[in-house]
Amino acid sequence: MAKRRSVVLNGDLGSGKSTVSMMLAAQLGIRRISVGDLFRTLAAQLGMTAVEINLHAELDDKIDHYVDQLQRDIAASGEQLIVDSRLAWHFFADALKVHLIAEPLVAAQRALGRPANSVESYADVEEARDRLAIRSESERMRFVTRYGVDKTRLRNYDLVCDTTSATPEQVAEKIVEHLHSPMEDGPACYLAPKRIYFTEDPDAEDGADPDGQITVGYSAPNFFAVQGHRRLSAAIRDGEGLVAVKLMAEAQETIAGVSCVDYFEANAGKFGCEQSAGLQY
């Protein structure tokens, strides 16, 4: 009998990891483990905020070593699990690796709406957005330095799902669908159509299939369409919460001979999502 795969979920605070992971655990009837809960407990015991314990961990590797060994032991157990962790994808080789994302302002609003405590509390949405960004970058640099991996690289994952406009039920449905499907070449990506920038006028896209695939580039935290502008326009117009896209390039990977970052800067300002689609947010 084939081994049942675990599901490991990565994503910053406000991306919906806790909600979706708890929903999956209940739906699939398997145990859920949250490494984030462990970090928050450690922070409270040390009298630190979530940001402070991440900055402290940059200087003292004992915290990471403890959590890493715990994740290695859990992965080696062979138990099918739902794991809510920003680095579990690095330790669980055979799991379905899911990366949840959300538009930064939306994530900040969600974080602000959570009950405040001594570990995580924010005065307003701007403070929440700024501190979440600091915390995320602290983790990213720590993981790059210690493990040589970048948590923001989408190609690390099997499934990338945007929770900006989608319901937790819609996200969980996509995860279960891919858990029971053959592995794909490259990440399967589902994004909120309204957060994808146009780089062409969809009405002027020559020979475009209105039902064709949307191909995107990623210059964190921004997504932009390279092909499929008419399909993207229709998805926005129809109010779709998620649309399937194909990742063409990210970061310093090239599109038309230039880096993804440079391509975005040169082209994405020409058309806003709502302007090209004739819509308003």
Side-chain angles (χ1 to χ4, degrees), residues 1-13 15-46 50 53-54 56-58 60-101 119 135-136 138-140 142-161 163 168-169 171-188:
M1 184 174 66
K3 178 182 176 182
R4 296 180 300 171
R5 281 190 294 169
S6 291
V7 179
V8 298
L9 294 96
N10 164 286
D12 288 326
L13 190 66
S15 63
K17 291 193 319 302
S18 297
T19 300
V20 172
S21 62
M22 287 189 285
M23 184 176 292
L24 283 171
Q27 183 175 341
L28 298 173
I30 56 182
R31 189 161 67 102
R32 170 185 177 267
I33 294 175
S34 171
V35 174
D37 289 346
L38 174 61
F39 254 94
R40 281 184 282 273
T41 299
L42 286 172
Q45 291 172 347
L46 295 171
I53 195 170
N54 275 283
H56 177 71
E58 290 182 15
D60 183 356
D61 61 6
K62 291 186 176 120
I63 293 174
D64 279 341
H65 285 327
Y66 170 73
V67 175
D68 293 349
Q69 190 57 53
L70 177 64
Q71 292 186 91
R72 288 189 184 96
D73 292 343
I74 294 169
S77 73
E79 180 183 358
Q80 186 187 27
L81 298 164
I82 303 296
V83 183
D84 174 348
S85 164
R86 291 185 181 87
L87 199 56
W89 57 270
H90 183 58
F91 297 106
F92 285 71
D94 298 324
L96 177 68
K97 301 173 183 181
V98 179
H99 185 51
L100 300 186
I101 59 176
V119 176
R135 176 175 165 185
S136 179
S138 169
E139 287 182 340
R140 190 188 75 83
R142 197 166 84 244
F143 296 164
V144 168
T145 300
R146 292 191 179 157
Y147 312 103
V149 296
D150 188 340
K151 68 171 188 169
T152 65
R153 180 172 167 77
L154 302 185
R155 297 193 194 281
N156 288 323
Y157 309 100
D158 302 311
L159 174 62
V160 177
C161 207
T163 69
E169 290 80 8
V171 176
E173 181 181 354
K174 292 298 182 188
I175 295 172
V176 172
E177 175 185 319
H178 284 271
L179 180 62
H180 297 143
S181 301
M183 301 288 278
E184 298 184 14
D185 182 18

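The structure displayed is predicted, hence computed values, not measured ones.
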Distance, nearest 0.5 Å, that separates OG of Ser18 from CG of Leu13
8.0 Å
Determine, step by step, whether Ile101 and Ser15 satisfy the side-chain contact (heavy atoms from CB on, under 4.5 Å) criterion, reporting the C-alpha distance in whole Å, the side-chain angles of both residues, the deciding distance to 0.1 Å, and the verdict.
CA-CA 5 Å; Ile101 59 176; Ser15 63; 5.8 Å; no
Would His90 and Asp68 satisfy side-chain contact (heavy atoms from CB on, under 4.5 Å), going step by step from the backbone distance to the final call?
CA-CA 10 Å; His90 183 58; Asp68 293 349; over 6 Å; no
Separation between CD1 of Ile175 and CG of Leu24, rounded to the nearest 0.5 Å
4.5 Å
If we only count heavy atoms from C-beta on, is the Leu87 to Val149 side-chain gap below 4.5 Å?
yes
Heavy-atom pair with the smallest gap, counting every atom of Cys161 and Val171
SG-CG1, 3.9 Å
Any donor-acceptor N/O pair, Thr19 side chain to Gly16 backbone, under 3.5 Å
no
For the residue pair Pro187 and Val160, what are the closest heavy atoms and their distance?
CB-CG2, 4.1 Å
First locate atom NZ of Lys174, then atom CD of Glu169, and finally report the distance between them rounded to the nearest 0.5 Å.
14.0 Å
Under 3.5 Å donor-acceptor, Ser77 side chain and Ile74 backbone:
yes
Check: Arg135 and Asp12 side chains under 4.5 Å, non-hydrogen atoms
no
Side chain to side chain donor-acceptor pair (under 3.5 Å) filter on Thr152, not counting sequence neighbours, yields Asp150
Mind checking the CZ-CG spacing from Arg4 to Leu96? Nearest 0.5 Å is all I need.
15.0 Å
Asp158 vs His178, test: side-chain contact (heavy atoms from CB on, under 4.5 Å). Steps then yes/no.
CA-CA 9 Å; Asp158 302 311; His178 284 271; over 6 Å; no
Is it true that a side-chain atom of Lys97 and a backbone atom of Trp89 form a donor plus acceptor pair closer than 3.5 Å?
yes
Working to the nearest 0.5 angstrom, can you tell me the gap between Arg140 CZ and Arg153 CZ?
12.5 Å
Looking at Ala188, is its backbone amide N or carbonyl O close enough to the side chain of Tyr157 to form a donor-acceptor pair, meaning the two atoms are under 3.5 Å apart?
no
Step by step, would you call His99 with Asn156 a side-chain contact (heavy atoms from CB on, under 4.5 Å)?
CA-CA 9 Å; His99 185 51; Asn156 288 323; over 6 Å; no
Arg72: partners by side chain to side chain donor-acceptor pair (under 3.5 Å), with sequence neighbours left out
none
Tell me the closest heavy-atom pair linking Gln71 and Phe91, and the distance in Å.
NE2-CE1, 3.8 Å
Please check this pair: side chain of Lys17 against backbone of Gly11, looking for a donor-acceptor N/O pair closer than 3.5 Å.
yes
Just verifying a value: how many Å separate Leu179 CG and Ser6 OG, rounded to the nearest 0.5 Å?
9.0 Å
Partner set under side chain to side chain donor-acceptor pair (under 3.5 Å) for Thr163, not counting sequence neighbours:
Arg110
Indicate yes or no for a side-chain donor-acceptor contact from Gln80 to the backbone of Arg5 under 3.5 Å, with no hydrogens or angles considered.
yes
